[in-house]
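For reference, the structure discussed in these notes is given below.
Starting from 1, each residue takes its place in the sequence as its number.
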Amino acid sequence: MISKITIKAPSSTANLGPGFDVFGLALDALYDKVTLTKTKSGITIITSDDVPTKPENNTAGLVVKNMKKKFKIKDGVEIKIKKGIPAGFGMGSSAASAAATAVAFDKLFGLKLDKNSIVEFAGSGEKASAGSIHYDNVAASVLGGFVIVKTNPLDVIRIEPPTNLRMCIAVPKIKVPKKKTKVSRGVIPKKIKLTDSVLNLSNASGIVAGFMSKDPELIGNSIKDVIVEPARQHLIPGFTKVKENALKAGALGVTISGAGPSVIAFAKKSSNLKKIGLAMSRGFATANTKCQIIICKPSIGAIDKKNYS
Ligand code: HSE
């Protein structure tokens with residue numbers, strides 16, 4: 001039996017436009033690292049990052065608490081968290097810590113859980129920061145690649161992304177509210193038009209078909225959301241210009257990354273990614289906002305052997 005394990009989990013983008021709360025894609029950009037060590041009793045959190053250290057308020061702490069309870073584990077657990085993903089920018093930061101913790105806990109106590117159970121426990125930790133459970137980011141972070149989250153019962157489908165798919169993410173340097181996901185979920189309409197639902201469903205189907213047939217063009221031109229993006233875009237300074245500029249610079253599709261405020265452009269390996277990034281920066285500049293540009297490809301997940309030691 002091991003007494004200590006370290007797991008690395010990737011950042012992710014959720015929704016991909018029309019796949020609200022259903023689609024996720026793991027990003028080979030930034031990572032969170034979690035080390036779990038068995039102790040005599042209790043749950044302690046060690047971190048030098050700006051995250052809550054009370055287990056029930058911390059995504060990783062909540063995962064450990066829930067898993068300890070479910071499997072009647074008496075040992076204590078020390079959780080060491082090293083955050084590489086900025087919190088609150090729509091890159092699955094809390095989900096990555098939760099994903100790494102659920103995978104680490106499973107290995108530390110030899111539980112041999114199936115993928116859906118690991119995603120479910122990771123999702124239970126997300127509640128600490130998002131206020132509600134949704135599995136799109138955690139599923140991507142646990143499994144890697146592109147994921148489709150089916151709920152009731154939870155069943156995550158993973159599809160290997162095309163090797164030539166690339167993303168360009170613009171992370172604006174703005175102040176985000178502490179409970180940002182809760183805030184940005186608050187602006188989404190409760191009722192939608194059937195014609196909008198049909199449009200989103202057709203584009204979501206196009207995205208799935210694009211991942212299945214390894215076709216970045218089909219993925220990109222299906223990144224169209226007429227429901228959530230219009231409701232949220234006012235939360236992102238310069239969004240319309242960032243999107244327009246990226247498309248003009250050759251991006252195949254552009255939308256809000258998860259709950260924002262980062263904006264993600266989808267492109268191909270052969271696209272001029274630097275040009276797209278620069279165009280996005282210029283878009284943010286029109287709203288007097290600076291941004292960081294991250295160019296990346298899809299990532300493997302926390303569950304992959306390469307991601308634990
Ligand atoms: N699907 C979620 C949302 C992702 O857009 O609110 C945020 O974590």
Side-chain angles (χ1 to χ4, degrees), residues 1-12 14 22 24-28 31-46 55-56 58-82 85 92 94-128 133-161 298-309:
M1 268 294 211
I2 52 169
S3 62
K4 184 177 175 169
I5 184 162
T6 298
I7 298 280
K8 198 172 103 168
S11 45
S12 58
V22 175
L25 178 69
L27 304 172
D28 188 15
Y31 290 79
D32 276 7
K33 222 179 193 183
V34 172
T35 302
L36 297 187
T37 310
K38 282 185 193 168
T39 60
K40 284 216 175 80
S41 65
I43 302 171
T44 45
I45 296 176
I46 299 176
E56 42 289 356
N58 178 289
T59 47
L62 208 53
V63 172
V64 168
K65 200 171 169 222
N66 294 339
M67 293 183 87
K68 248 166 79 68
K69 192 170 169 205
K70 176 78 182 179
F71 301 102
K72 299 185 172 62
I73 287 167
K74 297 273 180 293
D75 302 75
V77 178
E78 180 200 272
I79 310 167
K80 206 169 175 185
I81 304 166
K82 181 89 203 85
I85 311 166
S94 56
S97 294
T101 306
V103 173
F105 195 97
D106 176 65
K107 304 224 170 287
L108 189 64
F109 293 100
L111 303 174
K112 297 196 164 52
L113 296 174
D114 61 40
K115 66 174 175 29
N116 289 334
S117 306
I118 293 182
V119 170
E120 196 152 15
F121 279 112
S124 77
E126 265 261 84
K127 208 173 171 211
I133 300 184
H134 43 92
Y135 298 95
D136 42 10
N137 285 111
V138 282
S141 207
V142 167
L143 300 173
F146 173 68
V147 293
I148 302 168
V149 178
K150 268 161 61 76
T151 43
N152 286 331
L154 181 67
D155 188 14
V156 183
I157 300 159
R158 180 192 190 280
I159 305 174
E160 189 60 35
S299 173
I300 55 168
I303 228 168
D304 194 283
K305 279 199 175 58
K306 286 181 205 134
N307 268 348
Y308 57 84
S309 55

Within a strict 4.5 Å, meaning less than it, do heavy atoms of the Asn58 and Ile79 side chains meet?
-> no

With sequence neighbours left out, write down each residue that passes salt bridge (Lys or Arg N to Asp or Glu O under 4.0 Å) with Lys107, or none if nothing qualifies.
-> none

Can any side-chain N or O of Asp106 pair as donor or acceptor with the backbone N or O of Leu113 at less than 3.5 Å?
-> yes

Ser12 side-chain N/O to Leu25 backbone N/O, donor-acceptor pair under 3.5 Å = no

With Asn152, which residues qualify under side-chain contact (heavy atoms from CB on, under 4.5 Å), at least two apart?
-> none

Nearest heavy-atom pair of Asn137 and Gly92: which atoms, and what distance?
-> ND2-CA, 3.6 Å

Value for CD1 (Ile303) from NZ (Lys115), rounded to nearest 0.5 Å, stands at 9.0 Å

Applying side-chain contact (heavy atoms from CB on, under 4.5 Å), run through Glu56 and Leu62 and close with a yes or a no.
-> CA-CA 5 Å; Glu56 42 289 356; Leu62 208 53; 4.2 Å; yes

Considering the options Val63, Asp304, Ile118, which one meets the side-chain contact (heavy atoms from CB on, under 4.5 Å) requirement together with Val103?
-> Ile118

Partner set under side-chain contact (heavy atoms from CB on, under 4.5 Å) for Lys38, not counting sequence neighbours | Met1, Asp75, Leu108, Phe109

Inter-residue atom distance Glu78.CD - Ile45.CD1, 0.5 Å rounding = 10.5 Å

So how far is it from Leu154 CG to Ile133 CD1, rounded to the nearest 0.5 Å?
-> 10.0 Å

Quick one: closest heavy-atom pair of Thr101 and Ala60, and the distance?
-> OG1-CB, 3.1 Å

Is the closest side-chain heavy-atom distance between Tyr135 and Glu120 below 4.5 Å?
-> yes

Under a 4.5 Å cut-off applied to non-hydrogen side-chain atoms, are Lys80 and Thr37 in contact?
-> no

Can you tell me how far CZ of Phe105 sits from NZ of Lys68, rounded to the nearest 0.5 angstrom?
-> 7.0 Å

Residues forming a salt bridge (Lys or Arg N to Asp or Glu O under 4.0 Å) with Glu160, sequence neighbours excluded = Arg158

Taking every non-hydrogen atom, the tightest pair across Ser299 and Pro10 | OG-CB, 3.5 Å

side-chain contact (heavy atoms from CB on, under 4.5 Å) involving Ser11 - partner list, sequence neighbours excluded | Leu27, Ala29, Leu30, Ile85, Met91

Report the residues that fulfil side-chain contact (heavy atoms from CB on, under 4.5 Å) with Ala100, sequence neighbours left out, ordered by chain and then residue number.
-> Ile7, Ala9, Val34

Between Val147 and Asp136, is a side-chain contact (heavy atoms from CB on, under 4.5 Å) present by the stated rule, with each step listed?
-> CA-CA 7 Å; Val147 293; Asp136 42 10; 5.9 Å; no

Asp28 side chain to Pro298 backbone, donor-acceptor under 3.5 Å | no

Would you check if the side chain of Asn116 reaches a backbone N or O of Val156 as a donor-acceptor pair within less than 3.5 Å?
-> yes

Main-chain N/O of Phe121 paired to Ser124 side chain as donor or acceptor, under 3.5 Å = yes

Pairwise distance CE(Met67) to OG(Ser117) - rounded to 0.5 angstrom = 8.5 Å

Nearest 0.5 Å, what's the OG1-NZ distance between Thr35 and Lys8?
-> 12.5 Å

